[in-house]
Amino acid sequence: MAISPRGERILPDERLPLGGIRAYMPALMSQSQSHIAFPHRHLLGIEGLKAQDITALLDAADEAVSLSRQVEKKRSILRGRTQINLFFEASTRTQASFELAGKRLGADVMNMAVANSSVKKGETLIDTAATLNAMRPDIIIVRHHCSGAVDLLSRKVSCSVVNAGDGAHEHPTQALLDALTIRRTKGRIQGLTIAICGDVAHSRVARSNILLLTALGARVRVVAPSTLLPSGIDRMGVEVHRTMRDGLRDADIVMMLRLQLERMSGAFVPSLREYAHFYGLDEDKLSYAKPDALVMHPGPINRGVEIDSAVADGPRSLINEQVEMGVAVRMAVLEALSHHLRKE
Ligand code: NCD
């Protein structure tokens with residue numbers, strides 16, 4: 001929650017009358033000092049964050065949404081700082097989102113194209129980390145296909161590290177942007193019923209979302225065939241359902257997951273057609289949820305597999321809002337870490 005110069009609490013909502021949060025904006029995100037209370041040097045996962053850390057990031061992201069909707073979007077919190085985006089896996093929206101977020105805060109952003117790098121010549125992750133570290137970046141954003149790789153890299157460098165997705169482990173900024181989208185459309189997270197459906201077993205998005213949404217008091221369900229449920233999932237504090245009819249009943253939010261075909265070895269589903277028939281979200285299955293239920297998907301979508309085009313492009317879809325919130329959440333994360341960047 002932001003505080004006005006007069007000490008009042010400001011609702012971080014663009015529905016405020018003109019002169020609301022915008023009137024105070026120059027005193028907030030334009031400063032070269034961040035006001036976010038975030039006691040961590042890296043963001044490696046949702047695991048390890050307290051509910052208050054998450055709420056602080058979401059409140060700051062609300063301000064970043066207002067800022068991003070202005071004509072002049074640039075602030076100076078990261079002026080003179082260097083951000084490297086190191087993506088070992090293909091990505092469009094996440095990489096573009098981190099790049100825009102860094103630039104809006106004034107950082108110099110470099111995208112490392114791993115396809116053309118020394119990694120292809122056999123360099124190890126640790127060698128890459130040491131080489132980049134010697135260039136004295138302030139923040140490295142890393143996506144890697146192995147779970148745990150980002151944590152390992154963070155121990156080898158002297159700058160802040162943000163996990164942009166490691167294997168099937170965590171994708172913390174995706175969970176934060178999903179939470180921001182839910183909070184802004186439903187007004188809260190606590191007490192909502194949220195059904196996370198599909199390829200839970202291979203999904204870092206599901207893992208981070210379960211950790212975040214349960215920490216903020218949502219009732220979380222996972223819905224999938226047994227082959228796509230990881231063992232021990234019930235120990236994460238979720239209800240487990242194997243049919244869309246049961247899992248979507250009275251849900252406020254239906255969060256679909258992409259079938260992670262690239263992470264599957266062996267047959268997890270008999271055929272894509274059969275999977276779409278039983279688990280693909282169409283208007284019929286969506287009618288099991290509450291009449292005002294909203295639909296989310298982290299993208300990229302497999303149209304006609306886990307989600308029908310009519311639903312993905314329909315009035316209850318939040319997919320475009322999620323993309324917009326992605327930039328804002330990443331601005332909030334970069335700003336929060338700016339407290340901990342080296343001073344000399
Ligand atoms: C997700 C990812 O890469 O983990 N996508 C994203 O970040 N936009 C989800 C996915 O690929 O299914």
Side-chain angles (χ1 to χ4, degrees), residues 43-47 61 85-102 111 114-115 141-151 162-182 194-213 222-224 228-230 253-265 268-269 272 275-276 279-281 295-308 311-312 317-334:
L43 178 66
L44 301 176
I46 298 298
E47 195 169 9
N85 292 342
L86 178 61
F87 278 60
F88 292 89
E89 251 185 22
S91 163
T92 315
R93 74 194 70 208
T94 306
Q95 186 171 334
S97 180
F98 271 111
E99 181 174 354
L100 273 182
N111 288 307
V114 172
I141 316 295
V142 191
R143 170 169 285 192
H144 199 281
H145 43 272
C146 296
S147 302
V150 182
D151 181 275
V162 178
N163 182 0
D166 64 326
H169 177 228
E170 279 230 41
H171 191 354
T173 56
Q174 180 69 45
L176 287 162
L177 78 87
D178 289 339
L180 183 66
T181 308
I182 297 170
I194 301 175
I196 303 180
C197 314
D199 189 359
V200 181
H202 301 97
S203 179
R204 54 197 176 205
V205 174
R207 234 186 95 74
S208 290
N209 261 306
I210 291 169
L211 292 165
L212 189 156
L213 295 169
V222 293
V223 189
L228 294 179
L229 285 168
I253 296 283
V254 181
M255 189 183 282
M256 301 307 298
L257 300 171
R258 187 173 62 89
L259 204 52
Q260 306 267 308
L261 297 166
E262 75 280 15
R263 282 191 224 294
M264 295 184 182
S265 48
F268 285 85
V269 292
L272 293 186
Y275 181 78
Y279 292 96
L281 187 67
V295 175
M296 301 174 72
H297 190 301
I301 59 178
N302 290 312
R303 285 181 184 270
V305 181
E306 71 266 356
I307 191 163
D308 229 50
V311 175
S317 166
L318 293 174
I319 295 175
N320 288 333
E321 279 80 357
Q322 288 175 271
V323 177
E324 182 185 5
M325 295 308 122
V327 179
V329 146
R330 288 164 182 133
M331 287 170 74
V333 167
L334 295 174

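When a ligand or atom number is given, it counts from 1 through the structure's own listing order.
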Short side-chain donor-acceptor distance under 3.5 Å, Glu324 and Asn320: no
Does NZ or CZ of Arg330 come closer than 6.0 Å to the centre of the six-membered ring of Phe98, within 45° of the ring's axis? yes
Do me a favour and list the nearest non-hydrogen protein atom to [atom] with residue, atom name and distance?
atom                    : value
atom 12 (O) of ligand 1 : Gln260 NE2, 2.6 Å
atom 2 (C) of ligand 1  : Arg204 NH2, 3.4 Å
atom 11 (O) of ligand 1 : Arg258 NH2, 2.9 Å
atom 7 (O) of ligand 1  : His171 NE2, 2.7 Å

Polar side-chain atom of [X] near backbone of [Y] as donor-acceptor pair, under 3.5 Å:
X      : Y      : value
Asp166 : Gly148 : yes
Asp199 : Gln260 : yes
Glu170 : Arg207 : no

Is ligand 1 less than 4.0 angstrom away from at least one heavy atom of Pro298? yes
Any atoms of ligand 1 less than 4.0 Å from a non-hydrogen atom of [X]? List them with their elements.
X      : answer
Gln174 : 6 (C), 7 (O), 8 (N)
Val205 : 1 (C), 4 (O), 9 (C)
Thr94  : 6 (C), 7 (O), 8 (N)
Gly299 : 1 (C), 5 (N), 6 (C), 8 (N), 9 (C), 10 (C)

Do the non-hydrogen side-chain atoms of Pro300 and Thr92 ever get within less than 4.5 Å of each other? no
For ligand 1, indicate whether the residue Glu89 contacts it via side chain, backbone, both or neither (heavy-atom separation under 4.0 Å). neither
Per side-chain contact (heavy atoms from CB on, under 4.5 Å), Met296 is matched among Ile319, Ile182, Leu177 by Ile182
